[in-house]
Amino acid sequence: MKKILNCGMKFLLVLFVSMAATSCSKTDDTDVLPEPQTDPVVEQEGSFIKNDKVWVFTSYSTGNPQPIEYITEARYRFSGDTLIGKPYKKLYVSYRHFASSEETPLKYEGAAREVGSKVFMIKPGETQEELLYDFGMEIGRQYPVTTNGDDIVNVAVESEDYFLIDDSYVRSMTLAVCPSGSNKTYNVKWIAGIGVLNGGLTGAFTEIGPGAMRLAYCEVRGKIVYGNYYDPIEDKRD
């Protein structure tokens, strides 16, 4: 009888050990979970590239007298992600004439990504990215920048200032831009995280002419974070 009991106990012990080993093995397998899949573009959202951020530029056509229906509004915004070797956010623009309440369909302006103080963009029809903004440029240094595929401009920060936006001090910059091989220099103005104040959001190094677009305001999620309001009609009379 003792032998039978001993055999039974040994069998139960072996069965218990076997089941415990199997249970441990299964637990190890199920505990190794895959890394969560996140949107790499959203993770790179910075001071310039933000979801629900809108830039509104306004301009007016030349002519005298100047009726208000000739004024045009351009609205830039990021919408949707794309992968071109690296993750980018897609930039679009739409237009509206003051004579009409209808807004044009969104037009693709390019794909942008932000790394630190720099913003890079691949424009439509291009395969290589170019520097769109560098809000960390230092005074006293000259920066060669490639634009439009092969054009080179030499850029230097001429002056800077700081002012409050949403309880944080933000840098404004006046740049001296000189096309390579030219003795002509012109100025453009930027605000860190906002961009250029004249000429359109993607024309960061472009010379400004009469009737050029000017930044009216920039908003994030419906809240205006920068306003540079002006009356185009009154401006034309100056």
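Keep in mind it's a predicted model, so treat the numbers as computed, not measured.
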Legend entry - Contact check, side chains of Trp55 and Tyr226, non-hydrogen atoms, under 4.5 Å: no
Inset, instruction - Find out if a path of hydrophobic residues (ILVMFWY) with successive side-chain heavy-atom gaps under 4.5 Å connects Tyr186 to Leu215. - result: yes
Legend entry - Listed partners of Tyr76 passing ring-ring contact (aromatic ring centres under 6.0 Å, His included), at least two apart: Phe57
Inset, instruction - Can you establish whether the number of heavy atoms outside Lys118 located under 6.0 Å from its atom NZ is more than 12? - result: no
Inset, instruction - Identify, with sequence neighbours excluded, every residue that meets side chain to side chain contact (heavy atoms under 4.5 Å, CB included) alongside Glu138. - result: Arg141, Tyr143
Legend entry - Listed once per pair and sorted, the salt bridge (Lys or Arg N to Asp or Glu O under 4.0 Å) pairs that draw on residues 194-206, sequence neighbours left out: none
Legend entry - Min side-chain heavy-atom separation Asp81-Tyr88 under 4.5 Å: no
Legend entry - Side-chain touch Val115/Arg113, heavy atoms, less than 4.5 angstrom: yes
Inset, instruction - Using side chain to side chain contact (heavy atoms under 4.5 Å, CB included) as the criterion, list what pairs up with Ile208, not counting sequence neighbours. - result: Asn198, Ala212
Legend entry - Closest non-hydrogen atom pair between Ser47 and Lys53, with its separation: O-NZ, 2.9 Å
Legend entry - Nearest atoms (heavy-atom pairs only) where Pro144 meets Gln142: CD-O, 3.8 Å
Legend entry - ring-ring contact (aromatic ring centres under 6.0 Å, His included) involving Tyr108 - partner list, sequence neighbours excluded: Tyr92
Inset, instruction - Give the cluster check for Val157 versus Tyr169: same hydrophobic cluster or not, with ILVMFWY residues linked at side-chain heavy-atom distances below 4.5 Å. - result: no
Inset, instruction - Group every Ile, Leu, Val, Met, Phe, Trp and Tyr by side-chain heavy-atom contacts under 4.5 Å, then state whether Val170 and Leu164 land in the same group. - result: no
Show me the donor-acceptor pairs, under 3.5 Å and distance only, between side chains in residues 200-207 and residues at least two apart or in other chains.
residue	atom	partner	partner atom	Å
Glu207	OE1	Lys184	NZ	3.2
Glu207	OE2	Lys184	NZ	2.9

Legend entry - side-chain contact (heavy atoms from CB on, under 4.5 Å) between Tyr162 and Ser172, worked out: CA-CA 6 Å; Tyr162 291 85; Ser172 66; over 6 Å; no
Legend entry - Chi angles and distances behind the salt bridge (Lys or Arg N to Asp or Glu O under 4.0 Å) call for Glu103, Arg96: CA-CA 5 Å; Glu103 195 170 342; Arg96 182 175 69 89; 5.8 Å; no
Inset, instruction - Indicate whether any N or O donor in one side chain lies under 3.5 Å from an N or O acceptor in the other, for Ser180 and Asn154. - result: no
Legend entry - Over all atoms of both residues, closest heavy-atom pair of Pro179 and Val153: CA-CG1, 4.0 Å
Inset, instruction - List in chain and number order the residues that pass side chain to side chain contact (heavy atoms under 4.5 Å, CB included) with Thr174, two or more places apart in sequence or in another chain; answer none if no residue qualifies. - result: Glu158, Ser159, Asn187, Lys189
Inset, instruction - Report the residues that fulfil side chain to side chain contact (heavy atoms under 4.5 Å, CB included) with Val54, sequence neighbours left out, ordered by chain and then residue number. - result: Val56, Arg75, Arg77, Glu219
Legend entry - Check: Ser117 and Asp134 side chains under 4.5 Å, non-hydrogen atoms: yes
Legend entry - Joint hydrophobic cluster, Val155 plus Leu131, side-chain heavy atoms closer than 4.5 Å: yes
Legend entry - Separation between CD1 of Ile122 and OG1 of Thr82, rounded to the nearest 0.5 Å: 8.5 Å
Inset, instruction - Keeping to residues at least two apart or across chains, list the salt bridge (Lys or Arg N to Asp or Glu O under 4.0 Å) pairs with something in residues 193-204. - result: none
Legend entry - Nearest-0.5 Å distance, CD of residue Glu160 to CE of residue Met173: 7.5 Å
Inset, instruction - Please confirm whether the backbone N or O of Ile49 pairs with a side-chain atom of Glu114, one donor and one acceptor, at under 3.5 Å? - result: yes
Inset, instruction - Measure the shortest side-chain to side-chain distance between Asn51 and Phe78 over non-hydrogen atoms and say whether it is less than 4.5 angstrom. - result: no
Inset, instruction - Starting at OG1 of Thr58, measure out to OH of Tyr217 and round the result to the nearest 0.5 Å. - result: 10.0 Å
Legend entry - Partners passing ring-ring contact (aromatic ring centres under 6.0 Å, His included) against Tyr133 (at least two apart in sequence or in another chain): Phe48, Phe135, Trp190
Legend entry - Glu73 and Ser59 side chains, donor-acceptor separation under 3.5 Å: no
Legend entry - Side chain proximity check, Met121 to Leu91, heavy atoms < 4.5 angstrom: yes
